[in-house]
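Only this structure's heavy atoms are used, side chains among them; waters, hydrogens and symmetry mates stay out. In this text, all values refer to a predicted model and were calculated from it rather than measured experimentally.
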Amino acid sequence: MAIITFSLTCDALLGGRKTVTRRDWKPSHMANWQRWYDEGKHIHDAYDQIPIAGGSKIAEIRLVERPYWESLNNMPEDDLDAEGGMVDSLEDFYELIGLPPSHEVAVIRFEVVETEATVG
């Protein structure tokens, strides 16, 4: 089981509003996530921040499709809400994450299966 952090969007994740995340991952890191998916390892831990910085597990997520690469300029506008609803436009999203629209990112689509409130 791998971990993924949601430091800026914990509330949206726990509230069920965040169902996708885009990450600026190295190809080797993405390859791990794709391999885990292919091996049937779809459940992963969600943390509020990285454990080495004192982060805590807040939920478990299930990948609902294989992680894939996507250029930000191909991001569907509907995904703004699925990303947690932090901004109102794609341009604002690019600015928020500090990447140009032409940049390719990892897309992880998931659902929350348990929160620490229901687990613990």
- Message: The test is side-chain contact (heavy atoms from CB on, under 4.5 Å); show your working for R66 and D38 and say whether it passes.
- Response: CA-CA 8 Å; R66 188 177 195 265; D38 293 344; 2.8 Å; yes

- From CA spacing to verdict: side-chain hydrogen bond (donor to acceptor under 3.5 Å, both in side chains), S89, D92: CA-CA 5 Å; S89 72; D92 289 344; 3.3 Å; yes

- Task: Please step through side-chain contact (heavy atoms from CB on, under 4.5 Å) for the pair I108 and W25, ending with a clear verdict.
- Result: CA-CA 11 Å; I108 312 298; W25 283 346; 3.6 Å; yes

- Task: Mind running side-chain contact (heavy atoms from CB on, under 4.5 Å) on L72 and F93 for me, showing each step along the way?
- Result: CA-CA 9 Å; L72 283 170; F93 185 80; 4.1 Å; yes

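Aromatic rings of H42 and W36 (six-membered ring for Trp) have centroids beyond the 6.0 Å cut-off, not under it. The distance between the ring centers of Y68 and Y37 does not fall below 6.0 angstrom.
Under the 4.5 Å side-chain heavy-atom criterion for grouping Ile, Leu, Val, Met, Phe, Trp and Tyr, V112 is not connected to Y47 through any hydrophobic cluster. By the criterion of side-chain heavy atoms lying less than 4.5 angstrom apart, applied directly or through intervening Ile, Leu, Val, Met, Phe, Trp or Tyr residues, V64 is not grouped with W69; the two fall into different hydrophobic clusters. Grouping the Ile, Leu, Val, Met, Phe, Trp and Tyr side chains by contacts below 4.5 angstrom, directly or via other members, places F110 with W33.
Under a cut-off of 6.0 angstrom, the local environment of CG in N73 is crowded, with over 12 non-hydrogen atoms contributed by other residues, nucleotides or ligands. Surrounding CG of D24 are more than 12 heavy atoms belonging to other residues, nucleotides or ligands, all under 6.0 Å away. Residue-environment remark: CD (E95) stays at or below the threshold of 12 foreign heavy atoms within 6.0 Å.
To the nearest 0.5 angstrom, I50 atom CD1 is 13.5 Å from I4 atom CD1. Residue I58 holds its CD1 atom at 5.0 Å from CG of L13, rounded to the nearest 0.5 Å. Atom CD in E114 sits 10.5 Å away from atom CG in D45 (nearest 0.5 Å). Considering CG of D78 and CD of E83, their distance stands at 12.5 Å, rounded to 0.5 Å. The line from CZ of R22 to CD of E70 is 4.5 Å long, rounded to the nearest 0.5 Å. Residue R23 holds its CZ atom at 5.0 Å from OG1 of T5, rounded to the nearest 0.5 Å.
Contact between M30 and P67 at its shortest, heavy atoms only, is CE-C, 3.6 Å. Counting all heavy atoms, side chain and backbone alike, A59 lies closest to L14 at CB-CD2, 4.2 Å. Residue S102 comes nearest to S71 through the heavy atom pair O-OG, 3.5 Å, listed as atom of the first residue, atom of the second, then distance.
A donor-acceptor pair is defined here as one N or O able to donate and one able to accept, closer than 3.5 Å; such a pair exists between the side chain of K18 and the backbone of V20. Under a 3.5 Å cut-off, the side chain of D48 and the backbone N or O of S56 do form a donor-acceptor pair. In terms of modelled atom types and a separation under 3.5 Å, the side chain of H44 and the main chain of I61 share no donor-acceptor contact.
Residues R109 and T19 fail the side-chain proximity criterion, which asks for heavy atoms closer than 4.5 Å. Proximity of M75 to L80: side-chain heavy atoms (C-beta onward) are separated by under 4.5 Å at one or more points.
Comment: D81 does not engage R17 in a salt bridge, judged by the lack of any side-chain N to carboxylate O separation of less than 4.0 angstrom.
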